[in-house]
Q: 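So that we are looking at the same thing, I have put the structure below in structure tokens.
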Amino acid sequence: MGWGSGTTQFPYLITPLEAIQTRARADGALVSWWLSNWDTAGAAATALEQDVALVFLNADSGGGYITVDGNEGDRKNLTLWGNADNLINAVAAANPNTVVVVHSVGPAILEAWIE
């Protein structure tokens, strides 16, 4: 979504986790989740022995008043944010059926984990 002059609050926005949980309840499936990108050991433990592991990542941009991962406003590089590469590698090492979902305002470097 980003920030700055182009941002807005979406009253109807549903997070991927909420949508997956809703569908899982309807199907009688179980969903586990881990919401800390920096605790890669916890994320890997949660992904272990699951049918599939989903990893959601992002890299936003916006006006120059917020700094995230060294990026003030607009992105200064093509990396994903929030320890993304380390998180993906840890989860994929624990679960070979890992799906990565990237929400980015532009291109991103994927070579650290694409295989």
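Counting begins at 1 with the first residue of the sequence.
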Q: What residues form a side chain to side chain donor-acceptor pair (under 3.5 Å) with Asn95, not counting sequence neighbours?
A: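 Result, side chain to side chain donor-acceptor pair (under 3.5 Å) vs Asn95: none returned.
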Q: Please name all residues satisfying side chain to side chain donor-acceptor pair (under 3.5 Å) with Thr15, sequence neighbours left out, ordered by chain then number.
A: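 Result, side chain to side chain donor-acceptor pair (under 3.5 Å) vs Thr15: Glu18.
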Q: Residues in side chain to side chain contact (heavy atoms under 4.5 Å, CB included) with Ala59, at least two apart?
A: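 Ala59: side chain to side chain contact (heavy atoms under 4.5 Å, CB included) contacts with Arg75, Leu80, Trp81, Ser104.
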Q: Of all residues at least two apart in sequence or in a different chain, which pass the side chain to side chain donor-acceptor pair (under 3.5 Å) check with Asn37?
A: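 Result, side chain to side chain donor-acceptor pair (under 3.5 Å) vs Asn37: none returned.
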Q: Quick one: list whatever passes salt bridge (charged side-chain N to carboxylate O under 4.0 Å, His left out) with Asp51, sequence neighbours left out.
A: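 Not a single residue meets the salt bridge (charged side-chain N to carboxylate O under 4.0 Å, His left out) criterion with Asp51.
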Q: For Ala19 versus Ile14, what's the shortest heavy-atom pair and its separation?
A: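 So the minimum-distance heavy-atom pair works out to N-CG2, 3.9 Å.
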Q: Looking at every non-hydrogen atom in both residues, tell me the closest pair between Ala90 and Thr40 and how far apart they are.
A: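 That closest heavy-atom pairing would be CB-CB, 3.7 Å.
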Q: Side-chain contact, heavy-atom cut-off 4.5 Å: Asn58 with Val102?
A: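 Answer no - side chains too far apart.
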Q: For Leu35, which residues count as a side chain to side chain contact (heavy atoms under 4.5 Å, CB included) partner, sequence neighbours excluded?
A: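 Only Leu17, Trp33 meet the side chain to side chain contact (heavy atoms under 4.5 Å, CB included) criterion with Leu35.
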Q: Quick one, Val100 and Leu57 - any side-chain contact, counting heavy atoms below 4.5 Å?
A: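 Yes - at least one pair of side-chain heavy atoms lies under 4.5 Å apart.
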Q: Over all heavy atoms of both residues, which pair between Leu87 and Ala43 is shortest? Give the atoms and the distance, please.
A: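 In this case the closest contact between Leu87 and Ala43 is CD1-CB, 3.6 Å.
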Q: With sequence neighbours left out, what residues match Leu48 under side chain to side chain contact (heavy atoms under 4.5 Å, CB included)?
A: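 With neighbours one apart ignored, the set is Ala94.
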Q: By salt bridge (charged side-chain N to carboxylate O under 4.0 Å, His left out), which residues pair with Arg25, not counting sequence neighbours?
A: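 Not a single residue meets the salt bridge (charged side-chain N to carboxylate O under 4.0 Å, His left out) criterion with Arg25.
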Q: Rounded to the nearest 0.5 Å, how far does CD of Gln21 lie from CG of Leu30?
A: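 Spacing of CG (Leu30) from CD (Gln21) equals 11.5 Å.
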Q: Side-chain donor-acceptor contacts of residues 105-115 below 3.5 Å, not counting sequence neighbours, with atom names and distances?
A:
residue, atom, partner, partner atom, Å
Trp113, NE1, Asp85, OD1, 3.0

Q: Taking only residues two or more places apart in sequence, or in another chain, which ones meet Asp39 in a side chain to side chain donor-acceptor pair (under 3.5 Å)?
A: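 Side chain to side chain donor-acceptor pair (under 3.5 Å) list for Asp39, sorted by chain: empty.
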Q: With rounding to the nearest 0.5 angstrom, report the CD1 to CZ distance, Ile88 to Phe56.
A: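 Going from CD1 on Ile88 over to CZ on Phe56, the span is 12.0 Å.
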Q: Under the 4.5 Å side-chain heavy-atom rule for ILVMFWY, direct or indirect, which residues accompany Trp38?
A: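 Result for Trp38 is none, singleton.
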Q: Side chains of Asn89 and Asn86: is there a donor and an acceptor less than 3.5 Å apart?
A: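 Their side chains do not contain a donor-acceptor pair, so the 3.5 Å distance test is not met.
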Q: Going by the rule side chain to side chain contact (heavy atoms under 4.5 Å, CB included), which residues pair with Ala24 if we only count those two or more places apart in sequence or in a different chain?
A: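 With neighbours one apart ignored, the set is Ala29, Val31.
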